[in-house]
Amino acid sequence: MSVDSKDYNFGDIEANWQKFWDENKTFQAEDYSEKPKYYILSMYPYPSGEGLHIGHAINYTAPDILARYKKAQGFNTLQPMGWDAFGLPTEQYAIKTGTHPRLVTERNIETFRDQLKKVGFAIDWDREINTTDPGYMKWTQWIFLHLFKRGLAYVSDQPVWWCPELGTVLANEEVIDGLSERGNHPVERRKLRQWVLKITGYAERLLEGHKDLQWPDSSIRLQKNWIGRSTGAEVEFSLEGHKESLRIYTTRPDTLFGVTYMVLSPEHPLADQLTTEEQKVVVEAYKVEAAKKSDLERTELAKEKTGVFTGSFAINPVNNEKVSIWVADYVLMSYGTGAIMAVPGHDERDYEFAKDMKLPIVKVIEDKVAQSKGEETQLPYPGKGTMVNSGEYSDLESDAGKTKIIEDLESKQLGEASVQYKLRDWLFSRQRYWGEPFPVTWVSQEDYERVVGNADSPFQEFLPEEAVTFEAEGKLHFALPVPKNQLPLELPDVESYQPIGTGESPLAGVSDWLEIWLNTETGDSLPQSAPKPDGDNWIPGTRETNTMPQWAGSCWYYLRYCDSDNTEALIDPKLDQYWGVPDFYIGGAEHVNLHLLYARFWHQVLFDAGVSSCPEPFPKLVHQGMILGEMEYTLFEDADGNLVSANSMEDGDELNKRSLEESEVEKSGSDWVLKSNPSIKVDARSHKMSKSRGNVVNPDQLIKSYGADSTRLFLMFLGPIEDMKPWNTQGIEGVSRFLRRLWKEIVTEDRSINPKLTDGEESNQEVDKLLHESIKKITEDIERLNFNTVVSQLMILLNHLVKVESYSKKTARIFLQLLNPLAPHIAEELWNRLGGKDSISKTTWPEFDASKLVADEVKIVLQVNGKHRGELMVSVKANREEVEKTALKQERVQNSIHDKTIRKMIYVPGKILNIVAN
RNA sequence: GCCUGGAUGGCGGAAUUGGUAGACGCGCCGGACUCAAAAUCCGGUUCCUUCGGGAGUGAGGGUUCGACCCCCUCUCCAGGUACCA
């Protein structure tokens with residue numbers, strides 16, 4: 001099995017063992033194995049045309065080490081791989097080149113798979129999935145139907161981000177500062193028919209579920225903030241001269257006495273009614289202006305508050321005071337009730353607005369901290385405190401007052417406690433071709449009711465309690481689910497993937513697919529271009545033209561790996577019982593508020609539907625840090641060619657940048673300066689790898705020059721997996737040298753095994769001790785994912801082995817087992833040459849022998865007043881008195897204490913003796 | 001603004017419970033081998049020093065016999081988020 005070579009010929013060795021693993025299915029996960037299961041998952045890649053990135057390599061190497069280690073520990077490990085293959089870049093490439101996206105996708109996957117195999121991952125390739133595969137898509141659509149049936153999917157004509165350049169609508173998350181996340185094109189508001197998923201219905205569950213998750217605290221906090229639960233009250237304000245009342249949401253009912261005006265969002269339904277004749281022109285103009293304003297302008301730094309008076313007044317329910325009602329765009333329609341009570345004394349935004357509009361400001365909360373210092377409460381004071389100027393509630397503390405006011409309002413039916421979330425429902429449709437079609441047919445009300453009335457029809461399974469409808473040109477359309485027997489609903493082949501410009505997807509132009517005759521008995525369909533078949537079971541229908549966003553497929557892919565070929569069910573319940581959900585999930589922290597939240601939502605629905613037996617999809621989550629490009633040094637020049645120090649730049653300065661070589665700069669204090677002119681500071685930092693910056697490191701190139709093992713080792717040696725760390729190509733020499741040294745230590749010039757390796761047990765005690773220390777440390781470090789120190793320890797061990805006269809083959813084999821998770825190819829090869837049968841990947845992880853770790857002597861560090869003053873080797877049995885006596889005789893200790901009196905001595909057995917003297 | 005992380009030699013990083021700061025590696029310096037170079041091997045490498053020592057983990061203070069580690073204040077960097085009432 002081994003390669004016939006006297007040198008460390010990593011190219012042949014790696015190809016040989018990769019083939020071996022493939023052919024022997026070494027890393028196949030076994031369904032229903034007796035062994036305990038361990039399911040390791042990494043976020044699957046989007047197979048872009050650019051191929052594998054060094055970030056992918058590091059992302060997949062860490063879990064691969066864990067997978068190989070767990071396998072050696074006796075687990076039935078599952079490490080799968082798949083493709084998140086729907087998506088915009090592929091579609092855009094198709095538009096540009098006229099190639100079918102399916103073809104582009106296949107090609108890209110081919111490349112990615114080859115590249116991943118060349119890194120040598122212990123993946124069970126038999127379970128590979130592809131979100132664009134109809135056999136996969138079927139179940140994505142099936143899950144959508146579950147959401148549909150449960151009333152969690154609805155259609156809404158709503159303003160969405162429309163990107164003219166991309167010809168599509170984007171989700172809030174895909175718009176950053178008014179520009180598209182992909183491509184940085186400007187976006188604008190446009191109203192379009194959209195599918196929306198009611199993720200807000202699961203907000204509470206999503207928060208509750210957090211308590212059982214082993215996630216980084218910061219990620220939990222991020223999701224918590226994103227969901228943004230707040231508690232307060234909804235309060236009714238009656239309106240002067242109107243029957244209706246105005247409902248507002250506040251988190252601070254304790255400030256009700258401080259209300260001096262009210263604000264409606266410009267889109268508020270009562271805005272028109274409340275506008276008096278005299279104010280009509282002003283309010284109308286303001287509303288038009290606000291509607292035109294993009295969110296880009298709303299989020300612009302200059303947050304000057306604007307607004308206009310409606311001419312109407314509201315009555316404060318707690319004190320019957322009359323307050324003016326305004327319209328202002330600092331109040332959002334999409335949060336709370338779209339209207340607020342303004343308390344300028346205790347809210348910064350209201351304060352700012354009140355100042356500008358010269359509205360009254362009242363203090364109703366006393367800042368106790370200021371008070372205790374004898375100072376006045378500074379307004380606006382948004383904190384809690386003692387209520388003042390609040391009638392019968394005065395002198396109560398904020399929290400107590402809050403509770404009491406809510407109670408009183410509730411008893412008078414003027415308000416009630418209320419919980420609000422920042423989280424919005426999930427805009428779930430895209431106007432694209434390359435995505436999952438919605439399994440929905442639009443039919444007339446009459447036809448819909450007929451289907452509903454037919455208890456035997458295959459449509460029944462997914463009919464919602466309340467019909468999903470939308471109105472267009474005065475006609476109401478009803479959403480009929482595509483029955484399970486008709487899934488998957490596949491994409492039609494089209495000539496052009498170009499957006500048709502109306503905002504609708506290219507599918508809207510494919511009439512043979514779009515307009516159908518639908519059989520209400522069987523669910524079958526025919527294009528309307530064909531004559532209508534006989535019988536009144538055939539009704540006309542129109543398919544949904546939106547497609548699902550890329551998130552859809554990734555919301556549940558981890559379940560499919562457990563049963564990737566099942567055509568009858570998403571997952572066999574028995575396999576769900578066996579594999580459950582991943583025991584370990586790793587991926588970028590940037591997915592916390594999107595993919596990870598969406599997937600949790602879907603999973604909870606699938607749990608409710610009985611598809612999964614686990615309440616949460618990802619019980620343990622780890623993020624890997626980004627790899628930055630190599631350190632770059634930048635020099636700045638002004639327009640006249642004068643050098644400018646990096647720290648003295650102003651924002652508005654127009655400066656030319658020039659890249660410098662490392663040899664042109666040096667460090668001075670904490671700054672980097674120009675060698676030729678040390679008064680000029682240069683900018684020194686690592687940047688995110690990007691094509692445009694030209695600092696992308698290609699893993700193929702590294703593997704070609706150094707081998708997959710060196711590459712893997714180096715990626716891990718770079719630093720802790722969760723940290724962001726800069727790349728440094730030179731550094732790979734170190735680990736490469738280490739593997740070459742290892743090779744030469746075991747294989748001699750004539751291809752035989754180095755004669756210094758002996759048969760039988762290890763007879764060198766020092767070697768044995770270090771070996772067992774290494775087993776212990778490496779085992780613990782892998783468990784803690786500290787792979788960088790695993791590499792260090794292996795280096796320390798090898799350095800020692802190289803130095804000693806001889807050691808046993810047994811020791812060498814254990815070394816290879818410890819190395820195997822990180823550098824599996826060379827480990828397999830040398831294992832084999834040392835006479836190992838089969839594959840090292842099938843061997844059991846070595847255990848350390850604690851008895852080998854104890855030494856006869858220990859080193860005691862001597863300190864005087866906490867300062868290092870030498871060290872002492874003493875027997876482990878030495879008692880305190882002996883150590884103290886010997887220590888005091890030491891010359892360096894004597895020198896430091898001779899003119900002082902010893903006050904006390906602190907002794908930590910086996911570690912330290914600190915003599916306190918003055 | 002708010003919420004998270006983080007800051008240790010020229011560089012990446014180590015120090016697991018408060019106990020020798022700088023493991024391991026890169027780079028650099030010196031040496032061996034070589035006609036020479038590469039590769040390899042050996043030694044050195046935080047700073048200052050009168051060679052006794054002294055200083056030192058972003059800055060300043062505190063707790064402690066003893067602090068990279070705990071507490072307070074501040075600076076800078078990175079990420080997230082932002083009129084959410």
Side-chain angles (χ1 to χ4, degrees), chain A residues 216-219 221-222 224-226 228-230 232 248-252 255 263 298-299 303 305 328-332 334-343 346-350 352-353 382 420-424 589-590 592-593 625-626 628 630-631 647 662 665-667 670 672 685 713-714 717-720 722-735 737-738 740-741 744 777 780-781 784 786 788-796 799 802 859-871 892 895-896 903-908 910-917:
Chain A
D217 286 349
S218 56
S219 300
R221 228 167 278 139
L222 226 55
K224 280 208 161 100
N225 288 345
W226 186 261
R229 183 184 203 271
S230 80
I248 58 93
Y249 172 72
T250 176
T251 54
R252 294 296 300 274
T255 62
V263 186
R298 282 196 179 188
T299 50
K303 278 179 200 157
K305 303 247 177 319
D329 68 2
Y330 81 88
V331 173
L332 308 175
S334 49
Y335 185 80
T337 61
I340 61 151
M341 62 180 213
V343 186
H346 303 282
D347 181 284
E348 278 170 36
R349 296 152 302 178
D350 297 344
E352 219 180 289
F353 189 81
Q420 295 289 329
Y421 303 92
K422 281 197 243 179
L423 184 71
R424 307 288 158 79
E590 67 274 18
V592 166
N593 285 339
M626 208 188 336
L628 302 175
E630 232 163 304
M631 180 87 114
N647 61 336
E662 204 184 330
V665 296
E666 63 186 347
K667 192 146 193 192
S670 54
W672 284 92
R685 65 179 66 202
L713 225 38
F714 185 53
F717 195 46
L718 235 32
E722 304 208 32
D723 288 3
M724 182 183 280
K725 41 206 171 275
W727 178 257
N728 172 1
T729 297
Q730 253 177 358
I732 197 171
E733 290 290 347
V735 292
R737 227 167 263 164
F738 163 71
R740 292 200 300 267
R741 245 148 73 86
K744 279 194 0 205
K777 176 156 177 64
E780 288 167 358
D781 282 354
R784 293 185 302 142
N786 283 0
N788 52 333
T789 52
V790 172
V791 181
S792 298
Q793 190 61 34
L794 288 165
M795 286 173 166
I796 291 168
N799 287 347
V802 168
K859 187 160 69 177
I860 301 287
V861 170
L862 305 179
Q863 294 184 339
V864 175
N865 294 332
K867 286 208 172 78
H868 187 213
R869 285 288 181 270
E871 49 223 26
R892 284 183 72 198
N895 285 342
S896 325
R903 298 296 168 193
K904 65 173 162 179
M905 289 195 256
I906 285 126
Y907 179 57
V908 183
K911 278 194 177 156
I912 210 160
L913 178 74
N914 187 12
I915 301 162
V916 185

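When reading the values below, keep in mind they use all heavy atoms of this one structure, side chains included, and skip hydrogens, waters and symmetry mates. Lettering follows sequence order; numbering is per chain, from 1. No experiment lies behind these values; they were computed from the predicted model shown.
- No engagement by A/Asp723 is indicated, since no non-hydrogen atom pair under 4.0 Å with the nucleic acid exists.
- Annotation: B/G79 and B/U64 have their P atoms spaced 40 Å apart (nearest Å).
- B/G18 and B/A67: their P atoms are spaced 14 Å apart (whole Å).
- Using a distance-only test at 3.5 Å, with no hydrogens or angles considered, a donor-acceptor pair links the side chain of A/Arg252 to the main chain of A/Pro382.
- Taking the P atoms as reference points, B/G58 lies 13 Å from B/G12, given to the whole Å.
- Between B/C76 and B/G25, the two C1' atoms lie 28 Å apart (nearest whole Å).
- In this structure, the nucleotide among B/C83, B/G13, B/G27 sitting nearest to the side chain of A/Lys305 is B/C83.
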Give each protein N/O atom lying under 3.5 Å from an N/O atom of nucleotides 7-11 of chain B, with the pair distance.
{"unit_1": "B/C11", "atom_1": "OP1", "unit_2": "A/Lys667", "atom_2": "NZ", "d": "2.9"}

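- Residue contacts for A/Ile912: at a heavy-atom cut-off of 4.0 Å it reaches a base atom on one of the strands shown.
- Taking the side chain of A/Met795 as heavy atoms from C-beta on, and the options B/U4, B/G13, B/C24, the nearest nucleotide is B/C24.
- Here A/Lys904 lies in heavy-atom contact (under 4.0 Å) with sugar-phosphate atoms only.
- Across B/U40, B/C83, B/A78, the shortest atom-to-atom separation from the side chain of A/Arg685 is found for B/A78.
- Applying the 3.5 Å distance criterion, the base of B/U20 shares no donor-acceptor pair with the side chain of A/Lys911.
- When the side-chain nitrogen and oxygen atoms of A/Arg221 are compared with OP1 and OP2 of B/U81, none of them lie within a distance under 4.0 Å.
- Both A/Asp781 and A/Gly338 lie near RNA chain B, and the one whose nearest nucleotide falls closer to the 5' end is A/Asp781.
- Rounded to a whole angstrom, the distance from the P atom of B/C2 to that of B/U17 is 32 Å.
- For A/Lys777 against B/U16, a side-chain-to-base donor-acceptor contact under 3.5 Å is present.
- No contact: A/Lys224 has no heavy atom under 4.0 Å from any strand.
- On the C1' atoms, B/A15 is 8 Å away from B/A23, given to the nearest whole Å.
- Secondary structure note: stems in RNA chain B built from 3 or more consecutive Watson-Crick or G-U wobble pairs under 3.5 Å occupy B:1-7 with B:75-81, B:10-12 with B:24-26, B:27-32 with B:40-45, B:46-48 with B:53-55, B:58-62 with B:70-74.
- Separating the NZ atom in A/Lys422 from the CZ atom in A/Arg229 is a distance of 14.0 Å, to the nearest 0.5 Å.
- Between A/Val343 and A/Asp350, the shortest heavy-atom contact is N-OD2, 2.9 Å.
- Counting non-hydrogen atoms under 4.0 angstrom, A/Arg784 reaches a base of the nucleic acid.
- Within the nucleic acid shown, A/Ile340 comes within 4.0 Å of at least one base atom, counting heavy atoms only.
- The same atom, C1', is picked in B/G13 and in B/C3; the two are 28 Å apart, to the nearest Å.
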Which pairs, protein N/O on one side and nucleotides 21-23 of chain B N/O on the other, fall under 3.5 Å?
{"unit_1": "B/A23", "atom_1": "N1", "unit_2": "A/Ser792", "atom_2": "OG", "d": "3.4"}

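- The C1' atoms of B/U4 and B/A82 are separated by 15 Å, rounded to the nearest whole Å.
- Looking at heavy-atom distances under 4.0 Å, A/Arg869 makes contact with sugar-phosphate atoms alone, never a base.
- Contacts of A/Ser334 with the nucleic acid, taken as non-hydrogen atoms under 4.0 Å apart, are absent.
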